[in-house]
Every structure is written in C-alpha cells, then in structure tokens.
Undergrad: 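The structure that follows is given in the form of structure tokens.
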Amino acid sequence: MSQPSEIERYDPLTIEPPIAARWAQERTYSLRPGPHEAVDDEAPTFYALTMFPYPSGDLHMGHAEIFTIHDALVRHLRMNGHRVLNPIGWDAFGLPAENAARNRGADPRQWTYANIDEQRSTIVRLGYSFDWDLVLRTCDPEYYGWTQWLFLELFEAGLAYRREALVNFCPSCSTVLANEQVVDGACERCSTAVGREPRTQWFFRITEYADELLTDLDALDWPERVKNAQRAWIGRSEGAEITFTIRDPAHGDEDVVVYTTRPDTIFGATYFVFAPEHPAVTRRMAGDDEYAAFLDEVSRRSEIERQSGTTGGKRGFRLPFTVHNPFTNEDVPAYAADYVLMEYGTGAIMAVPIGDERDFEFARQEGLEIRVIIRPTDDGELLDELDPEAMTTAYTGPGVMVNSGEYDGLDVDEAKRRIIDDVASKGWGRAKVNTRLRDWLISRQRSWGAPIPVVHCTMCGEVPVPRSQLPVRLPDDLEFQVQGSPLEQHPTFKGDVTCPSCGGADAVRDTDTMDTFVDSSWYFLRFLAPWDDTRAWPADAADRWLPVDQYTGGVEHAVLHLLYSRFVVKAMRDRGHLTADEPFQALLNQGQVIMDGAAMSKSKGNLVVPGQVYETFGADTLRGTMLFASAPEDDIDWADVSPTGMNKWLARVWRLTLEQVARESDGGPLLADDAAASLRRATAEAIVDASAEFEARKYNTAIAKLMTLTNAVLDATRQGAGGPAVREALEALLTMLAPVCPFVTEELWHRLGHGGSVHEEAWPRADEDLLVDDEVELVVQVNGKVRGRVMVPAGADEAVVESTVRADESVVGHLDGDVVKVVHVPDRLVNFVVRG
RNA sequence: GCCGGGGUGGCCCAAUUGGCAGAGGCGGCCGACUUAAAAUCGGUGGCAGCUACGGGUUCGACUCCCGUCCCCGGCACCA
C-alpha cells in the first residue's frame, strides 16, 4: 500500500495557473471553423450566451456564479458532441465611467479598458472556456458604428422618431439627469429639487410590435415569472374609446375621448377626470395661478412617489366646466387628478365609482355621487342590491345591469358587448385595444455612449448620417469636469459638420447618445463576426445560430433588456437582415449570491470577492462550491457554503487518482472479483445518475452523484487494492467532473497517462449490462406502513411476491386479519390492505 | 393589493412527480492512526404520532385538492 507521505499533495495554486495560461494563449476554446463559416458537419450547433458583464471593476461573486453555471453547461455540451458558440464581451458604455471621469478626472476610456483587462484575466484564471476570437466591447468604434447603423435602419423603417418628452432636469447643475440620479425628487449631486422639463427626444417605436411581443412569449422556454413580467409590462387590455363632450360656456364645447375597459358601466359615470397635463385642460386653464400651482405640486409629488414607492392619496382639482355623457345625456362635474395618467389611453376617463376602486376612493374623498348600476350575482343568482353608503370598495364582480336604460337586466359581459356595438353604430366611438407599453426613449444627455448619428440642418431638418460616414466617433478629448453635457460643449463635435443632404454649413450634430440598452439589444448578433467591418452581422450566420439556445443571466433584466432585444430582432427580421423571430429561445436566471441572508455590499462589510476564494483554494474549488451550493436558479448564501468541504473532496479525488497511478506502476494488489464487480456497478450507476442531472442542469445534485462515486472508489480501495475497475471508475469520475472543475481533472487526466485533454473526451456511457439485476429488494407495506422487505426475482409477478412475503417471518406477523386488497408495484413495493 | 418562488435532521439541501423520507455536504459527537496535534480514515441522525399548521382524496401524500400561518423576490393609481 502506498504511504500517504509518498503521495503528492493537491496544490491547485500551482497546477491551475499554467493550464489557464495555456488555454488562453493557445486559444484552446475558439470555435474553428468560426461561426460565420458554414460547416458540413453533423454536430448539432448550440449558441450559449451569458449576459455580458459591465466593467465597473473586477468580477464579483455574481459574475463568478453566472460564468460557472454557463461554463459547466458549455463544457458538458462540447463533451456531448455539440458545436458550441460561446463568445464574451463587455457592455462598456455607461454612467459609472462617466462619473469616474467627472469625480476623479479619470479618462473613461482608460478606466473602462483597465477594468476589462482585469475582468478578462480573472475570467482566464477561473477557467471559463470562452472563445477569445469572438470578443467585443460596446465602447469600441468598431462596435458602436454598427449600433449607429442599427439606429439608421430603424430610422428608415419609421421605427425611430423624435418628439417632445419630459426629462429630469437639475436647474442648479443645468443638466439632464438619469432616473437613478434623482433621489427623493432631488438631484443626487447638489440636492436641488429636480424639475421635469420638456425636451425633444428620440424614441424607438417598440409599441408597433406590442402584439407580437406578447403572443410570441408563449413559445419561449423562459421562467414563467419573466414571461409574466413582460406580459404585465406590455399590459394589453380590451375596451372601447368613447367620445364625451366638454361643456364650457367660457371657451366653447369640445369633444374629448376616453378609453375604458368597462363600457358596460357608462351609466354609472358620475364625474369625469382629466390627466393634469391634458391639453384640453391646460388650454382652458392657462393663466390660472391656482391651476398652475396644482400642476406644479402634482408633478413634483409624482416624482417623489415614484422614487420612494409610496402611493399616498389622490390629488384632484375641480374644473370650471362639465362634461356631457352621450348615453345618459347628462352633464357631470369635471376634475383634473393625478391618478389619471396622460401617457395611458387618452389621458381622460369617465369615472365610475361603483365599479372602479380608484374612482370609488376619489369619489369618497370628494363627496361625489356613487350611482348603483350593477346588481351583483353569484352563479347567476341575484344577490342583494349594492348600498353605496355601506360599501368600502368598488364592486368589480359579476352582475346584471340596473339603472342603465335599455341595458337593464343584461349580464355585464353582454352589456359590454352591446354597448361597444352601439357606440360604434352611433358614431360615438369604437372598440379599442390598449397597451401600457410605451415607446422606448433612447436619447441620453450623456457623453460615454454611442452618439446618435443625426445632423440637424436648418434647411433640411433631421438628416441621418450616411452609412459611409459611420462611425460618428466620440471625440478623444472630451472634458468631463464641466457643467452640462461634455459632448454638447466640445469645441468641434457639434458644429464641425456640414449637412449630409444639402452640404450646407448651417448644421449641427445631435449631441445626445443612445441608451446603453441599445448597445446590448443586438450584441448577440455582432458576436457572429465581431471583426467584420463590412456589415453588422452575416445574415447566413444569423440564420444558422439564432435564436440563442441558452441565455444565462440575472432576473434584473426580466423586462427591459430582454424586451428591447426581442424588439430589435423582430425589426431586423422585417428589414430582411435575419429570419429568426426571437433572440433567446431559452433563458436561465441564476440566483443571487448573498451573505447571511442579505445582499453583499461593501458598505455592509459582508462582501466576499472571488479572489479571496480562488487565491486560497483555487478556481476549481470556487467553481465547485458555487455549483454544489444550490440549484442554478436558487440563491446561494455564502455563509452556508463550505469551500473547505469542496476543497477536501477534490483533494480526495486527487489522492485516490495518484494512489491508483502509483499502484499501476508498482504492480500493487488487485481488487477481489466481487469488490471489482460492485465498483463497476457503482460506476455505471453514477454515469446514469450524473448524466441525467447534467442534462437537467442540476449541477448541485450532479456533484452529489460524483461524490457518491468517489465514496465507492474510496470504499473499494481501502485495503490498498486497485486494478482496471478502479481506473474505470476514476476515469468516469474525472470526465464527468471536468465541466465543473476543469483544472484538477485536466491535470489528473494527464497523470493517468492520457496525452490529450480530458475536455476533448466524449461523455462516458454506462455499461447497461452492469445495471440489470436478477433479484430486487421489495418493500413490504401493510396498510401503507413499511413492515419489512424481501428479495424477489426481478420482474416477479404478484403471486410470486405474495408467496415470498408469506414465507417471510419478519413480515408475516403483521398480516393477521383479512387481506382485503394487494397493491403491487413491480420491483418496487407491495402493499397489503388488511382489515380487522 | 396583484403575480411568482418557498417552508423537510443543528445547518445548506435531495427525493425518478402518488410508492422505502432522507442522497450529498457542513457541523457535532465517538473511535482508529499519532508521543501529541493537524491531515487522513471509520462510525454516528427522526421510537405508535415525522416534511409550517388544520382538513380532504387515496391501498398509499413531502408530492394532489381546500383552508390558515410565515418567509423571500417582483409589480403596483395603466381606467
């Protein structure tokens, strides 16, 4: 038997770095031929993608988790014969770089690239098998020139347009603020109250695709909660638009349209509400100081509420005119109130307190009439009439119409249909589908982003920059420590341009940049050929690889990034640049890495960084710990996991392998036949079990199966014996562990005498013959309680089982009384139902 | 309020979807080796009443149904 002292210690810090360096240097994991090349090959293709990181510093634990899950998937797929596209890049434009520039005078480009270099070396060190020939950074002109191309495509399709919108504006800093820079309604830098200022902004017309974005969700293999979040965000509803009339002796009458999902309740409309900024109201109220004050208060308040998440009560303003309801032919009071939003529907509503909780609350608050127009029913049975005095909330359940003229007695659903028909035939309105999805505001008054490729000419108006002049480069010498926009104030960027259309000099560049979500809405396409300076992506490659087969990333992007990417793919499809309908077929949201039940953060002092782990135990231990801690979708509480335990297991695998190597060279003792047979069986079982777990991407339980196999090897070799069965077990163990712990498995594979890489091995197949049993153990239950177990021939029928049980003294004692029924599950259990 | 995910040994967590409740790990305790310690190795976990609680369906329920409690995450005046 080998003495422990002769066995080399497991020393990951020595074995890992050279292997990592070799993989990076030799481009071991580059896809060859590249993704842009068609291959005549039977290997199935698989596009695996992780949400690319933002380079705000070195990798954190969250990155390590997402990359580890992703890399285990990728390596497992490769071993199963897939041709895997596995690129990596950086989402490199954005506010943190600009803030570093403003606050510390750093050059955002240097700051960003330095962080990317750091992240890149950590990625290499941790053994993630990305394709280093397919790398992109969204802040490179070679990338953002094509982001600008995308803008032009959307512009030409009529999907990019400009209109006025309210933006956050700090009067003291004289700059526009992003939403996250507004804290409790004040500027985060100077605490001045932030105003909402109208400014002309670029939008992408994502609402054009609302229906398709909604219906196509059904076919995606995404977590239900993400699909639900998108459904809620799109917010489709069916109803009607109905025209009411403002009765205003002072300014004249005017038609005003409302949107409602409950046209059936129109006879209960006892007042009318406009959004405070509704043009029909602001026009009439111009010069009214009281109204101006109301508007101001409401806009400020809504900003605070939006930031703090509180709802508070409703603010209303009684308007000096009435509104006429075409159905009841009556004039009702008109209000402006903050609970009606200008951006949704038509910005005006008919208020039905009896049937709408918000209207009910406002009516109570203002002492307005609550008119009963529905008689509740339950399964068609009439219930008591509603009593507005006694009600504390609106009634939104089923019922029949009352006090509703010709519609009295109709079921609400029927009334709804009838009223929509009548509205249309009388010319008072029409059926209408609405969504709460708004067009995507992409203008950012920031300078570390892709410039919007448009020139504003006094003669020609908005003129897109010709594709031949892309990219519109960000100047190298931006001065960030200024008030307002650095791009706007740059000496030449804005003004040094002639109109691409008329050639006139009376033109300026647009000085806004695009939302960074634009950058990330198409990067998965650029990966197909990031070096190609003749096109954004090769269409044939897009057809070959899209949609992405597995996208892995955090839930924080449940709506925006994932929705924008879907929109871009559909728009590009309609422009003929690809044929896929969707960017990401399957989505995996990994859990968070937390600490003691709370999010990790520097300020809480509970931050663990990957370096602390891999510099102590090595990358394999970090990776193994991550995957073993929980299923990929579940959170990992770092306080509950044990890198030490993982490290001990890997050291055990190390020792067992080297002992076997030593035995083979010294000619050590062989296992007894029965020990060898039972180890071979354990190996076959482990292959079957672990393979299933890997297929299901349950890496935590997959590792548990590999630990079980390790224990079987340990058990078999306890007396120092070895032989082919041990080698077979170890080789199966190492190949299956390879996707999780790529370094130690590679090293041990070589120690076992193999010249090639373990990562190029095929996934092991179990010898099925080893798994068939002649005899199986059957559980014996009496009245559902386990009373014993018996050995029976595999596949034994009920008669054989029963006679075996009756011959077994240990259980037969429980069988006194009449056996009423026998339930037999072959090879599993038998249950005797006894009475008496 | 709405939507989603949970509640199983001291702890993290499994359980082929209705079929032996504990796989794997952490920790603890006991033991072997050692002069001793570390490392390594072995052993060790719920009694008729056990899977948050109360009912139900079933030969059989962690699993399905009804009700209740608690925890986490997201959305939230969208007419």
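In what follows, chains carry the letters A, B, and so on, assigned in the order in which the sequence lines appear, proteins first and then strands, with residues in each chain numbered from 1.
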Undergrad: What is the distance from CG of A:Asn647 to P of B:C26, rounded to the nearest Å?
TA: 12 Å
Undergrad: Looking across every strand, which nucleic acid part, if any, lies under 4.0 Å from A:Asn711 by heavy atom: base, sugar-phosphate, or nothing?
TA: sugar-phosphate
Undergrad: Taking the C1' atom in each of B:U16 and B:U63, what is the distance between them to the nearest angstrom?
TA: 13 Å
Undergrad: Considering just the side-chain nitrogens and oxygens of A:Ser237, establish if one lies under 4.0 Å of OP1 or OP2 belonging to B:A79.
TA: yes
Undergrad: Within the pair A:Asn831 and B:U58, is there a side-chain N or O less than 4.0 Å away from OP1 or OP2?
TA: no
Undergrad: Atom CG in A:Leu733, atom CD1 in A:Ile687: separation rounded to 0.5 Å?
TA: 10.0 Å
Undergrad: A:Asn228 side chain: which of B:A14, B:C59, B:C3 is closest?
TA: B:C3
Undergrad: Quick one: label A:Val786 by what it contacts on the DNA or RNA (base, sugar-phosphate, nothing), any heavy atom closer than 4.0 Å.
TA: sugar-phosphate
Undergrad: Pick base, sugar-phosphate or nothing for A:Val822, based on heavy-atom distances below 4.0 Å to the nucleic acid.
TA: nothing
Undergrad: A:Ala712 and A:Ala682: which non-hydrogen atoms are nearest, and at how many Å?
TA: CB-CB, 3.8 Å
Undergrad: Does B:A15 pair with anything, Watson-Crick or G-U wobble, both distances under 3.5 Å, and if so, with which nucleotide?
TA: none
Undergrad: Scan A:Gln781 against the nucleic acid and name what it touches under 4.0 Å (heavy atoms): base, sugar-phosphate only, or nothing.
TA: base
Undergrad: Go nucleotide by nucleotide along RNA chain B from the 5' end; which of A:Ala629 and A:Thr260 gets its closest nucleotide reached first?
TA: A:Ala629
Undergrad: Taking the P atom of each, how far is B:A38 from B:C29, in whole Å?
TA: 12 Å
Undergrad: Tell me the interatomic distance from A:Leu714, atom CG, to B:G42, atom P, rounded to whole angstroms.
TA: 5 Å
Undergrad: A:Asn700 side chain to A:Ala629 main-chain N or O, any donor-acceptor pair under 3.5 Å?
TA: no
Undergrad: Could you check whether the rings of A:Phe274 and A:Phe272 sit parallel, tilted or perpendicular, using 30° and 60° as the cut-offs?
TA: tilted
Undergrad: Given B:A79, B:C77, B:C20, identify the nucleotide with an atom nearest to the side chain of A:Thr261.
TA: B:A79
Undergrad: Nearest whole angstrom, please: distance from the P of B:A76 to the CZ of A:Arg225.
TA: 16 Å
Undergrad: Determine, for A:Asp359 against A:Lys314, whether the closest basic-nitrogen to carboxylate-oxygen distance falls under 4.0 angstrom.
TA: no
Undergrad: For B:U68, which nucleotide in any strand shown is its Watson-Crick or wobble partner with both distances under 3.5 Å?
TA: B:A52
Undergrad: Quote, to the nearest angstrom, the C1' distance that separates B:C62 from B:G1.
TA: 31 Å
Undergrad: Are A:Lys821 and B:C59 close enough that a side-chain N or O sits under 4.0 Å from OP1 or OP2?
TA: yes
Undergrad: Report the C-alpha distance between A:Phe267 and A:Asn325 in whole Å, list the side-chain angles of each, state the deciding distance to 0.1 Å, and finish with yes or no for side chain to side chain contact (heavy atoms under 4.5 Å, CB included).
TA: CA-CA 9 Å; A:Phe267 286 84; A:Asn325 179 339; over 6 Å; no
Undergrad: Can you check the A:Asp637 CG to B:G25 P distance for me, whole Å?
TA: 21 Å
Undergrad: Hey, is the main chain of A:Val257 close enough, under 3.5 Å, to the side chain of A:Thr346 for a donor-acceptor pair?
TA: yes
Undergrad: Please report the distance separating the P of B:A61 from the corresponding atom of B:G55, rounded so that it comes out in whole Å.
TA: 14 Å
Undergrad: May I have the distance from A:Lys705 (atom NZ) to B:G25 (atom C1'), rounded to whole angstrom?
TA: 13 Å
Undergrad: Tell me whether B:U63 sits syn or anti, counting syn as a glycosidic angle within 90° of 0.
TA: anti
Undergrad: On the nucleotide B:C41, are OP1 or OP2 found under 4.0 Å from the side-chain N or O atoms that A:Arg652 carries?
TA: yes
Undergrad: Using the C1' atom in both, what is the distance from B:G45 to B:G28, to the nearest Å?
TA: 11 Å
Undergrad: With both distances under 3.5 angstrom, what nucleotide forms a Watson-Crick or G-U wobble pair with B:G42?
TA: B:C30
Undergrad: Taking CG from A:Leu778 and C1' from B:G19, how many angstroms apart are they, rounded to a whole number?
TA: 11 Å
Undergrad: Given the C1' atoms of B:C12 and B:C3, what is the spacing between them in whole Å?
TA: 28 Å
Undergrad: Return the nearest nucleotide to the side chain of A:Arg655; candidates are B:A14, B:C26, B:U40.
TA: B:U40
Undergrad: In terms of side-chain geometry, is the basic nitrogen of A:Lys227 or A:Asp218 positioned less than 4.0 Å from the acidic oxygen of its partner?
TA: no
Undergrad: Once you round it to whole Å, what is the distance between P of B:U40 and CD of A:Glu659?
TA: 13 Å
Undergrad: For A:Val833, report the nucleic acid contact type (base, sugar-phosphate, nothing); a contact means any heavy atom under 4.0 Å.
TA: sugar-phosphate
Undergrad: Mapping A:Lys648 and A:Arg438 onto RNA chain B by nearest heavy atom, which one lands closer to the 5' end?
TA: A:Lys648
Undergrad: Which nucleotide sits closest to the side chain of A:Leu829: B:A23, B:C20, B:C41?
TA: B:C20
Undergrad: Find the distance A:Ile703:CD1 to B:C26:P and express it as a whole number of Å.
TA: 13 Å
Undergrad: Counting only side-chain N and O atoms of A:Arg9, is one of them less than 4.0 Å from OP1 or OP2 of B:A39?
TA: no
Undergrad: With both distances under 3.5 angstrom, what nucleotide forms a Watson-Crick or G-U wobble pair with B:C2?
TA: B:G74
Undergrad: Please determine if a side-chain N or O atom of A:Arg718 lies less than 4.0 Å away from the OP1 or OP2 oxygen of B:G42.
TA: yes
Undergrad: With C1' as the reference atom in both, quote the distance from B:G49 to B:G10 in angstrom, rounded to an integer.
TA: 22 Å
Undergrad: Between B:C26 and B:G22, how many Å separate the two C1' atoms, rounded to a whole number?
TA: 16 Å
